[in-house]
Protein chains: 2
Amino acid sequence: MKKLSNKERIVAVAERLFAERGYDGTSLREITREAGVDVALVRYHFGNKQGLFDELLRRRAEALNLERSDALDAVLARNDPAPVEEIVDAFTHTLLNKVVSEDPTWRSYFGMLAQVNNNPEWGGKAMSRHFDPLVRRFLDALRRAMPDADETNLFWCYHFWSGALTLTFADTKRIDALSGGLCHSSDFEAVHQRLVPFISAGFRALCQPQGDNTHD
Amino acid sequence: MKKLSNKERIVAVAERLFAERGYDGTSLREITREAGVDVALVRYHFGNKQGLFDELLRRRAEALNLERSDALDAVLARNDPAPVEEIVDAFTHTLLNKVVSEDPTWRSYFGMLAQVNNNPEWGGKAMSRHFDPLVRRFLDALRRAMPDADETNLFWCYHFWSGALTLTFADTKRIDALSGGLCHSSDFEAVHQRLVPFISAGFRALCQPQGDNTHD
DNA sequence: TACGAATTTCAACATCTGTTGAAATCAAAA
DNA sequence: TTTTGATTTCAACAGATGTTGAAATTCGTA
């Protein structure tokens, strides 16, 4: 247990509270009270509340994008076009591994992302700014894997994929009740085993060669 | 344009604002100011803020559950076990039809549901209370359609499905930017055409006869 | 019209909110 | 030690928030 600077304490507490209660549901005074620092320090280090939130988003996005980009490179180095499953796995693997095995604070970060990705006001813009360049790389790889895919289908498939991931990281415990305790929303290992084949099958159904599979 | 009672005006404005800005991001004074009524009326008609929100959720959930249950009955009356696609369609069809063609205020309601379904604090409980009985009926039908399905896989598939729907109703405009204007997050007709085959393929990949398809 | 209930208005409460300016403290370099 | 810049503390602001009790008004009905 190393000791943290005041700035680091704010970051740690803010990340957790924003993930649990959302942007509007978290006050600077809760954050600074729990971190044991003065409220005015938020202004000094981050400008204001929005600045703090943006900085939290930005910080980890950079490292994450590099890591996921490398994962895609590794897949494509072996074979390009790569199988759909491998591309999907490269995108998802990194996220879920961080949550399962690494630094547990990543869980809060993904919880924050879940809140942002579902925010109708500024969530779409924020997600696009931080992650769309990376997503485009993955869609390029998927396009090469399924050359006859309709463009719009590719984007909508990613949209469904993103939604499934987002609800997972929201960790709402709903599946615990629905399944009568059989499943647990925090069991990211279980998600990891099932998300890749589920999403890959969805992509193939809509983007694979054999004609138009849309419904109705 | 019929004239609404004060209670109805509160309901109409609250539904829209809660959908756009979430529970914590919406104040009673915004709601009542925009509705042109006194703040104290919220207390009189709904008890308090949470009471208003709960009532908004409850109101439409009842009608919706009946309608979707009937849609499932209609499918099962034709053939049971029914094809996966038809079961999935019965669940999704009702929602998307309401948004596309009927009373546009349903859009706000689904926007609210999106916020609730992603809320880590009390969202899971609220969704379970209102919708899990109906969801269990659909999962029963899917279990009969895929008798060898692992129980946990069924629940996780529904989880992915729910996430895809939720992000759709959040309507964040992210896909507009990502696709360079090719797709629009409010184009629920496009979602309707693609969600059913996408989700059905995912279910089949994880729950269909031929052994274990989980990843890794 | 008169009565009783339902509805609406008014004014205020205690508390919390994000933000701020200026003083105080600290740490390191000259 | 003195100086300089970074960091932290303090006190306060103006306004918003959910909630409330009681008075005033409206409405349906006897």
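A, B, ... follow the sequence lines: proteins, then strands. Residue 1 opens every chain.
- A donor atom on one side chain and an acceptor atom on the other are not found under 3.5 Å apart for B:R43 and B:N48.
- At a threshold of 4.0 angstrom between heavy atoms, the contacts of A:S5 with the nucleic acid are absent.
- Across all strands shown, B:D38 has heavy atoms under 4.0 Å from base atoms, whether or not it also approaches the sugar-phosphate.
- Put simply, B:H45 has no side-chain N or O that comes within less than 4.0 Å of OP1 or OP2 on C:dA6.
- A 4.5 Å side-chain heavy-atom check between B:R16 and B:E34 finds at least one atom pair inside the cut-off.
- The separation between B:R21 atom CZ and D:dA16 atom P is 14 Å, rounded to whole Å.
- Neither OP1 nor OP2 of C:dT19 sits under 4.0 Å from any side-chain N or O of A:R29.
- Within the 4.0 angstrom heavy-atom criterion, no nucleotide atom of any strand lies near A:T32.
- Rounded to an integer number of Å, the gap from A:D24 CG to C:dC16 P is 18 Å.
- Between the side chains of A:D54 and A:Q50, at least one donor N or O lies within less than 3.5 Å of an accepting N or O.
- Look at OH on B:Y23: it is 13 Å from P on D:dT17, rounded to the nearest Å.
- Using a 3.5 Å distance cut-off with no hydrogens or angles, the side chains of A:Y158 and B:R174 do pair a donor with an acceptor.
- Atom pair B:E8:CD and C:dT8:P shows a separation of 11 Å (rounding to whole Å applied).
- Remark: B:N6 is in phosphate contact with C:dT8, judged by side-chain N or O atoms under 4.0 Å from OP1 or OP2.
- Listed candidates were D:dT9, C:dT8, C:dG18. Nearest to the side chain of A:L41 is D:dT9.
- Separating the CZ atom of B:F46 from the C1' atom of D:dG18 is a distance of 16 Å, rounded to the nearest angstrom.
- In this structure, CD of A:Q50 is placed 14 Å from C1' of C:dT19, rounded to the nearest angstrom.
- Of the side-chain N and O atoms in B:R43, one or more sit less than 4.0 angstrom from OP1 or OP2 of D:dG21.
- A close approach under 4.0 Å does not occur between any side-chain nitrogen or oxygen of B:S27 and OP1 or OP2 of D:dA16.
- Closest to the side chain of B:Y44, out of D:dT17, C:dT8, D:dT7, is C:dT8.
- At whole-Å resolution of the value, CZ in A:F18 and C1' in C:dG18 are 12 Å apart.
- C:dT15 atom C1' lies 16 Å from atom CG of A:L28, rounded to whole Å.
- With sequence neighbours left out, A:S186 forms a side-chain hydrogen bond (donor to acceptor under 3.5 Å, both in side chains) with no residue at all.
- Place A:E30 and A:G47 on DNA chain C by their nearest nucleotides, and A:E30 ends up nearer the 5' end.
- Considering only heavy atoms from C-beta on, A:W156 stays 4.5 Å or farther from B:L195 through its side chain.
- The side chain of B:K49 lies closest to D:dG18, out of D:dT8, D:dG18, C:dG18.
- Among the atoms of the strands shown, base atoms are found under 4.0 Å from some heavy atom of B:V39.
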